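Please read the structure below before turning to the comments.
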Amino acid sequence: MSSEQRKAFPFSEFEPKWQGEWEAKKAFRTPNPGDADFDASKPKYFVLDMFPYPSGNGLHVGHPEGYTATDIIGRFKKMSGFNVLHPMGWDAFGLPAEQYAIKTGTHPRVTTEANVANFTKQLKSLGFAYDWDREVNTTDPGYFKWTQWIFLKLYNSYVGDDGKAHPVSELEDQGLSREEIDHRRLAYVSEAPVNWCPQLGTVLANEEVVDGKSEVGGFPVERRPMRQWMLRITAYAQRLIDELDGLDWPESIKLLQRNWIGRSEGAHVTFKVDGIDETITVFTTRPDTLFGATYMVLAPEHRLVDEITTEEQLAAVEEYREKTARKSDLERTELAKEKSGVFTGAYAINPVNNERIPIWIADYVLMGYGTGAIMAVPAHDERDFEFAKKFELPIKQVVQPPEGHDWQGYTDNGIAVNSGFLDGLPTLEAKHKIAAWLEEKGLGKGTTNFKLRDWLFSRQRYWGEPFPIVWEDGQHRSIPESELPLLPPTLEDFKPTGTPEPPLSKATGWVQYSATAKRELNTMPQWAGSCWYYLRYCDARNSERFVGEAAEKYWMGGGKPGGVDLYVGGTEHAVLHLLYARFWHKVLFDLGYVSTPEPFQRLVNQGLILGEDGQKMSKSRGNVVNPDDVVREYGADALRLYEMFMGPLEQVKPWSMKGVEGVYRFLARVWRLVMEQNEEGSWSVSAALQDVPANKQLTKALHETIKKCGEDIEKLSFNTAISQMMVCTNAFTGAEVKPASAIVTFLKVLSPFAPHLAEELNQQIRARFPALAAPGFLSDETWPAYDPAALIEDEVEVVFQVNGKLRDKARVPVAASKEEIEKIALASPRVQEFMEGRPVKKVIVVPGKLVNVVV
RNA sequence: GCCGAUGUGGUGAAAUGGUAAACACAGCGGACUUAAAAUCCGCUGGAGGGCAACCUCCUUGCGGGUUCGAGUCCCGCCAUCGGCACCA
């Protein structure tokens with residue numbers, strides 16, 4: 001109790017109280033279309049946070065940053081007459097729980113449940129207005145049933161000539177063979193080389209490999225060919241670029257995605273191999289430089305290497321190929337500074353001039369991009385230039401750069417030279433002409449290439465969604481939807497097998513689907529569950545469908561490309577999660593299951609919160625701030641308010657406990673506007689609080705605050721909204737008599753930010769002035785309207801400048817005309833002094849603002 | 001190397017092309033108190049001048065430009081952070 005007395009206001013009593021009230025009365029339950037209390041006349045607002053992975057460490061202060069922002073928006077929109085969908089859930093599959101299981105034998109489900117319970121308790125202690133009835137958990141069979149169901153949709157779909165997903169049954173109707181169909185599925189099996197990490201005992205996606213090491217743990221990663229499930233995201237590459245246009249996302253994030261997808265326009269050109277009946281097709285973005293191709297390079301893995309290598313070069317080529325195959329990605333990039341390669345002994349014929357050019361292999365050409373073969377134009381490509389210098393290959397100029405540039409290694413546009421019929425043409429025209437020429441001769445054609453690769457979708461793990469697939473006679477097939485959800489087997493031993501064989505192989509009974517069929521042993525990656533969770537929120541308890549049609553139409557509709565009105569989360573998901581979710585959404589859209597082409601209309605990335613030392617928070621630095629401690633010391637409202645007051649939401653900013661104290665003091669000042677303490681230390685409604693109208697000055701402060709806070713919340717400029725509330729509070733603090741109804745209005749404005757304090761004070765005021773306070777929750781009140789008339793003053797201060805420098809100010813009537821103001825300004829002794837008798841050249845008058853006299 | 005973001009007091013920051021530094025933090029001074037904490041009131045970008053109320057000059061990473069007027073717009077640099085990195 002003694003520590004209670006040190007508190008400036010009794011937040012530790014009323015915060016849990018209001019959390020209990022909200023929960024008991026389901027204050028933030030959001031009815032769905034079809035529910036008895038659903039009001040279809042209201043517009044909808046779907047505000048979403050990136051749901052957390054419930055780790056064993058609990059919340060860190062970064063979580064409540066975005067969550068508070070969305071909570072303020074959600075509460076504000078609710079008060080502004082919207083049906084607000086503001087849910088929370090758990091992205092709970094994933095490696096940490098599994099690794100913990102390996103260490104301790106505790107089942108991941110047990111760990112996950114405990115962590116979810118802890119996170120829930122923590123989030124509830126912050127007073128977020130979630131509709132907990134819509135909570136989702138990716139590891140819940142009722143949820144992943146539908147993740148598996150969506151996988152089956154991908155498995156049973158292909159992309160047609162119209163660029164849209166269609167059921168593969170259409171291909172069956174067209175009489176395509178089983179094999180042909182398998183080649184077109186959006187979920188398909190591939191033998192491609194993958195990133196195998198021996199320590200983790202799993203294959204990783206390219207995105208999970210950083211600098212040749214695993215993102216988790218930093219273990220070395222090798223390349224090895226393995227049978228994997230892939231998702232054909234590349235079929236959507238163009239749409240994933242194009243359909244960014246209609247979204248309200250930061251341009252920098254759109255750019256990040258566009259670059260990741262990496263569209264580039266160019267041409268395929270086919271070269272004959274000299275002496276044998278083979279051709280090699282290359283992809284180039286600079287077909288205009290074809291005359292400058294002095295050699296050709298194949299990726300070491302290119303299938304034609306065996307065919308074309310001459311006897312004399314065989315040994316060298318074999319050695320080089322083995323060396324590259326052994327190299328990890330890390331080594332391959334590390335050695336990138338120094339080019340390497342081997343001559344195959346073969347020559348290709350340049351189709352434009354019939355020149356014989358040597359064919360090399362080199363690991364700077366990647367098998368996974370384009371055709372895995374390039375024509376090398378060393379004069380106008382940096383990499384080819386480097387390679388040619390190292391191996392003393394000829395360098396031939398075919399582009400004339402503008403004055404002042406060396407042609408050697410010049411890669412920009414210029415004028416074609418030494419290029420036969422292209423000579424004299426600027427690069428762009430030369431590209432068109434050569435493309436037409438190639439097409440006419442049947443030697444090539446214009447093509448578009450993407451950097452984006454198909455999505456490696458299988459993992460050799462236990463704690464993930466099992467694939468609803470079985471294998472029989474070397475062929476895969478889906479299990480019937482009626483068998484979903486397919487639960488993972490119960491395992492005692494979670495250790496990786498140490499071979500690429502997934503841990504599910506240990507569940508021998510589970511594996512055996514029938515006498516002749518075995519289950520797929522891979523599981524889905526963590527991304528799977530987060531690809532569609534926002535849809536499940538719309539109708540989280542539906543057991544008939546992944547989301548009910550009416551609910552999806554209402555919450556995801558609204559006439560914009562994206563369904564979620566606001567999505568807040570960290571930049572770390574700028575590419576992968578957002579790209580994957582967009583891809584799945586488009587497939588579901590094409591198949592008619594959702595009503596918008598995009599999932600997220602408006603995206604905002606919150607900035608990282610650093611430690612007090614300005615460094616990234618980490619256990620090893622000892623600068624981690626635990627939100628539970630802040631709540632205990634200063635209360636949930638202070639934490640919420642501080643996180644928003646620190647600075648712009650998008651910005652990276654350091655934590656400051658002093659700053660928390662600052663907003664805490666502000667909240668205490670608000671408390672004392674209403675409450676006073678007697679000598680025993682107990683609080684009661686202050687005698688200064690009276691049922692009187694606010695004077696003109698307070699009314700103005702209040703209405704300015706209503707206006708600015710409303711506008712700032714829409715802009716997510718919470719820091720400036722809070723400073724305006726501070727200004728308003730300071731004005732009220734200075735008043736002898738506190739007008740009760742004005743304070744109630746102020747509390748409504750404060751309530752989205754500091755909901756506990758606002759509700760408590762409203763209740764206290766209601767006890768004294770029943771007619772003035774809100775009868776129920778402030779969150780059920782309407783956001784106050786401001787009176788523009790209250791903002792207008794009779795007089796405004798006008799600044800007088802001479803030659804742009806501030807020289808004097810005066811208060812003038814608002815209604816004063818330009819001429820009147822100018823007259824007052826010119827009459828000012830200070831203005832005259834600085835005019836020094838020089839003649840007036842020009843006078844600029846901005847009514848209500850300033851006068852600038854130019855002499 | 002390429003792409004993007006950021007750069008304003010001692011600190012976090014604020015400013016539709018129109019009074020730079022609102023609002024806070026820290027600091028200093030005062031009131032209350034036996035005292036301290038808490039609270040309340042005031043001062044607080046830099047340099048110079050004046051007994052004083054005040055006054056002058058300078059100041060938004062650096063250098064140019066547009067404009068009556070630039071933290072804000074344009075051009076060129078520098079620094080920090082983030083992303084990508086042989087993608088032909």
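What you are looking at is a predicted structure, and each value in this text was computed from that prediction instead of being measured. Naming convention: chains lettered A, B, ... in sequence-line order (proteins, then strands); numbering from 1 in each chain.
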Non-neighbouring partners of [X] that pass side chain to side chain contact (heavy atoms under 4.5 Å, CB included), sequence neighbours left out:
{"X": "A:T281", "answer": "A:H268, A:T270, A:T371"}
{"X": "A:L610", "answer": "A:L608, A:V652, A:P654"}
{"X": "A:L443", "answer": "A:P351, A:W437, A:L438, A:K441"}
{"X": "A:Q257", "answer": "A:L244, A:W249, A:L578, A:L579, A:R582"}

Please report the distance, rounded to the nearest Å, between [atom1] in [X] and [atom2] in [N].
{"X": "A:D808", "N": "B:C55", "atom1": "CG", "atom2": "C1'", "result": "13 Å"}
{"X": "A:K707", "N": "B:U16", "atom1": "NZ", "atom2": "C1'", "result": "11 Å"}
{"X": "A:L826", "N": "B:C68", "atom1": "CG", "atom2": "C1'", "result": "14 Å"}
{"X": "A:E643", "N": "B:G12", "atom1": "CD", "atom2": "C1'", "result": "14 Å"}
{"X": "A:M644", "N": "B:A13", "atom1": "CE", "atom2": "C1'", "result": "15 Å"}
{"X": "A:D384", "N": "B:A88", "atom1": "CG", "atom2": "P", "result": "12 Å"}

[N] versus [M] - spacing of their [atom1] atoms, nearest Å:
{"N": "B:A26", "M": "B:A38", "atom1": "P", "value": "10 Å"}
{"N": "B:U60", "M": "B:G71", "atom1": "P", "value": "7 Å"}
{"N": "B:G63", "M": "B:C25", "atom1": "C1'", "value": "34 Å"}
{"N": "B:C62", "M": "B:C78", "atom1": "C1'", "value": "7 Å"}
{"N": "B:U34", "M": "B:A15", "atom1": "P", "value": "46 Å"}
{"N": "B:U72", "M": "B:U67", "atom1": "P", "value": "16 Å"}
{"N": "B:C40", "M": "B:G4", "atom1": "P", "value": "48 Å"}
{"N": "B:C68", "M": "B:G17", "atom1": "C1'", "value": "12 Å"}

Report yes if the side chains of [X] and [Y] come closer than 4.5 Å at any heavy-atom pair, otherwise no.
{"X": "A:F385", "Y": "A:T411", "answer": "no"}
{"X": "A:F732", "Y": "A:L698", "answer": "yes"}
{"X": "A:R321", "Y": "A:I361", "answer": "yes"}

Does anything in residues 842-855 of chain A come within less than 4.0 Å of RNA chain B? Heavy atoms only, and list the residues if so. A:K842, A:I844, A:V846, A:K849, A:L850, A:N852, A:V854
Which ones in residues 568-575 of chain A lie close to RNA chain B, meaning a heavy atom under 4.0 Å from one of its atoms? none
Salt bridge (Lys or Arg N to Asp or Glu O under 4.0 Å) contacts in which one or both residues fall within residues 648-658 of chain A, not counting sequence neighbours: A:E65-A:K653
Heavy atoms from C-beta onward define the side chain here; which of B:A13, B:C55, B:A88 lies closest to that of A:P648? B:A13
Residue A:K809, side-chain heavy atoms: nucleotide from B:A88, B:C84, B:U19 that is nearest: B:U19
Which residue is it: A:N605, A:N719, A:V604? I am looking for the one with a side chain to side chain contact (heavy atoms under 4.5 Å, CB included) to A:L649. A:V604
How about A:K390: does its NZ atom have over 12 heavy atoms from other parts shown lying under 6.0 Å from it? yes
Nearest-nucleotide 5' precedence on RNA chain B, A:M646 against A:F283: A:M646
Please figure out whether A:N449 or A:S717 has its closest RNA chain B nucleotide nearer the 5' end. A:S717
B/S/- contact track for nucleotides 22-41 of chain B, protein heavy atom under 4.0 Å: BBSSS------------SS-
Side chains of A:D808 and A:S828, donor plus acceptor under 3.5 Å: yes
Test ring-ring contact (aromatic ring centres under 6.0 Å, His included) applied to A:Y580 and A:W455, A:W260, A:Y236, the passing residue: A:W455
Is the terminal nitrogen or CZ of A:K339 (NZ for Lys, CZ for Arg) located under 6.0 angstrom from the six-membered ring centre of A:F387 and within 45° of that ring's axis? no
Here's one to test your reading of the geometry: is the NZ or CZ of A:R807 within 45 degrees of the ring axis of A:F834 and under 6.0 Å from its centre? yes
Per-nucleotide pairing state of RNA chain B [Watson-Crick or G-U, under 3.5 Å; [ ] pseudoknot-crossing; | other strand]: (((((((..(((.....[....))).(((((.......))))).(((((....)))))..(((((..]....))))))))))))....
Enumerate the protein-to-nucleotides 5-11 of chain B contacts in which both atoms are nitrogen or oxygen and the separation is below 3.5 Å.
none

Find every protein N or O atom lying less than 3.5 Å from an N or O atom of nucleotides 73-77 of chain B, and list the pairs.
none

Anything under 30° is parallel, anything over 60° is perpendicular, the rest tilted; go ahead and classify A:F391 against A:W360. tilted
Using modelled atom types only, decide if a donor and an acceptor are shared between the side chain of A:T324 and the backbone of A:Y320 within a distance under 3.5 Å. yes
Mind jotting down which residue pairs meet the side chain to side chain donor-acceptor pair (under 3.5 Å) criterion with at least one end in residues 840-855 of chain A? Sequence neighbours excluded, please. none
